[in-house]
Number of protein chains: 2
Amino acid sequence: MVVEVDELNDETVDRLFHALADTTRRDILRRCVRGELSVSRLAEAYPMSFAAVQKHVAVLERAGLVAKQRSGREQLVRTDPDAVGRARQALDELESAWRGRVDRMACLLAEDPGSEENDTPEGTER
Amino acid sequence: MVVEVDELNDETVDRLFHALADTTRRDILRRCVRGELSVSRLAEAYPMSFAAVQKHVAVLERAGLVAKQRSGREQLVRTDPDAVGRARQALDELESAWRGRVDRMACLLAEDPGSEENDTPEGTER
DNA sequence: AACTTCTACAACCATTTGGTTGTACGTTAG
DNA sequence: CTAACGTACAACCAAATGGTTGTAGAAGTT
């Protein structure tokens, strides 16, 4: 059974970080872990229009950080817990580019024994 | 001796993630770990003007992801290795908001034994 | 059916972003 | 000194962002 981590492409990472680069959106993420809030309920929490919050949710949704689920006439917003993991993976892939190996995993345990300094970044151009 | 992790404020995190939300800028980060490239050398690598690259570097600099160091008439760009750590910390702080405790550290080891489900987010309202 | 609630989406506007070119200045090389 | 190089920065422009209001539809409520 291969783990198959699905290398994230540039556009995905762009959307991910862009979605995270806004205080309101990060706050929405924190609020919606339980998946109990509708967009309307959410919107009550912020000093802006419903439509504005709707747009923020859309940005989060396109980034895969959040999913909506219909429940009657409401649309419940739920934060995807794995999404933060994908953000971490993006950081890991960034870091791994200069930590020698390019293919090291998104896993937590760093396990950094020999501090393998690598002087040949080879295919790093363009 | 207290660890004192310096809770990152919203603006800092905004700048951090915004800086990371661009393919060119992430590529610059990967290239400048060795700190050997001037802005001019860097600019040669991209299909855009010198000034454009200069602006990207400025964005990275304001986010604390990169530092410039004069060397003669050149300005060498160097990626701050700790910066990715700060991004990780930001993710951790996000996640910790729904992992029960709000004050858990930026440390890697999750150490999640009892899956402490917490039903009272208390001070989570706006 | 009539009404209210929640959502979706279009149109609009101000500001920011990401790019351009042009100019000015400091530093090194001839 | 003069020329070339590397940088900084201003001015400008198109497109994207983050907000607004307004309209319309879908789903409950009475």
Side-chain angles (χ1 to χ4, degrees), chain A residues 10-32 34-79 126, chain B residues 10-32 34-79 126:
Chain A
D10 286 340
E11 282 198 358
T12 304
V13 181
D14 282 3
R15 276 193 295 260
L16 236 187
F17 284 134
H18 170 251
L20 289 170
D22 181 283
T23 306
T24 301
R25 285 194 289 262
R26 288 193 302 275
D27 196 67
I28 291 178
L29 286 182
R30 284 187 216 101
R31 282 188 145 94
C32 295
R34 313 276 306 280
E36 63 197 350
L37 293 177
S38 66
V39 184
S40 293
R41 290 297 147 264
L42 245 190
E44 290 171 5
Y46 304 99
M48 64 186 79
S49 69
F50 167 79
V53 174
Q54 212 177 14
K55 284 192 187 179
H56 280 303
V57 172
V59 170
L60 290 167
E61 201 175 11
R62 262 179 283 133
L65 284 161
V66 128
K68 286 190 290 189
Q69 184 191 3
R70 262 234 121 75
S71 167
R73 60 184 161 189
E74 299 187 329
Q75 196 86 262
L76 301 183
V77 181
R78 162 166 273 133
T79 300
R126 178 85 330 199
Chain B
D10 287 339
E11 281 199 358
T12 304
V13 180
D14 283 2
R15 276 194 295 261
L16 235 187
F17 284 133
H18 171 251
L20 290 170
D22 182 283
T23 306
T24 302
R25 285 194 289 262
R26 288 193 302 275
D27 196 67
I28 292 178
L29 286 182
R30 284 188 217 100
R31 283 190 146 94
C32 294
R34 312 278 304 282
E36 63 196 348
L37 293 177
S38 65
V39 184
S40 294
R41 291 297 146 263
L42 243 190
E44 289 171 7
Y46 304 99
M48 63 185 81
S49 68
F50 167 79
V53 175
Q54 212 176 15
K55 283 191 187 180
H56 280 303
V57 172
V59 170
L60 290 167
E61 202 176 11
R62 262 178 281 133
L65 284 161
V66 128
K68 288 189 290 189
Q69 183 192 4
R70 262 235 122 76
S71 166
R73 59 183 161 185
E74 300 186 331
Q75 195 87 264
L76 302 183
V77 181
R78 162 165 271 136
T79 299
R126 173 105 307 240

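In what follows, every chain begins at residue 1, and chains take the letters A, B, ... in the order their sequences are listed.
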Between B:Ala51 and B:Arg62, whichever has its closest DNA chain C nucleotide further toward 5' is B:Arg62
Side-chain atoms of B:Phe50 come closest, of D:dT20, D:dA8, C:dT20, to D:dA8
Here the distance between atom P of C:dC25 and atom CD of B:Glu74, to the nearest Å, is 22 Å
Rounded to whole Å, the CG-C1' distance (B:Asp22 to C:dG18) equals 8 Å
Should A:Gln54 be listed as having a side-chain N or O under 4.0 Å from OP1 or OP2 of C:dT7?
no
request  = Using a heavy-atom cut-off of under 4.0 Å over every strand shown, decide if A:Ser40 touches base, sugar-phosphate, or nothing.
outcome  = sugar-phosphate
Rounded to whole Å, the CE-C1' distance (A:Met48 to D:dG18) equals 9 Å
To the nearest angstrom, the CD-C1' distance between B:Glu44 and D:dG6 comes to 11 Å
**Prompt:** When you check the phosphate oxygens OP1 and OP2 of D:dG25, does a side-chain N or O of A:Arg73 lie under 4.0 Å from one of them?
**Reply:** no
Q.
Tell me whether the side-chain N/O atoms of A:Arg70 come closer than 4.0 Å to OP1 or OP2 in D:dA26.
A. no
Verify the contact: side-chain N or O of A:Gln75 to OP1 or OP2 of C:dC6, cut-off strictly under 4.0 Å; return yes or no. no
Query raised in the report: When you check the phosphate oxygens OP1 and OP2 of D:dA8, does a side-chain N or O of B:Lys68 lie under 4.0 Å from one of them?
Result: yes
Among C:dC9, C:dG18, D:dG18, the one nearest any side-chain atom of B:Lys55 is C:dG18
- request: Just do the side-chain contact (heavy atoms from CB on, under 4.5 Å) check on A:Asp10 and B:Arg26 with the steps written out, would you?
  value: CA-CA 9 Å; A:Asp10 286 340; B:Arg26 288 193 302 275; 3.9 Å; yes
message: Please determine whether a side-chain nitrogen or oxygen atom of B:Arg25 lies at a distance below 4.0 Å from atom OP1 or OP2 of C:dG18.
response: yes
Looking at B:Ser49, I'd like to know whether one of its side-chain N or O atoms comes within less than 4.0 Å of OP1 or OP2 on C:dG19.
no
Report which part of the nucleic acid A:Ser38 touches: base, sugar-phosphate, or nothing (heavy-atom distance under 4.0 Å, all strands). sugar-phosphate
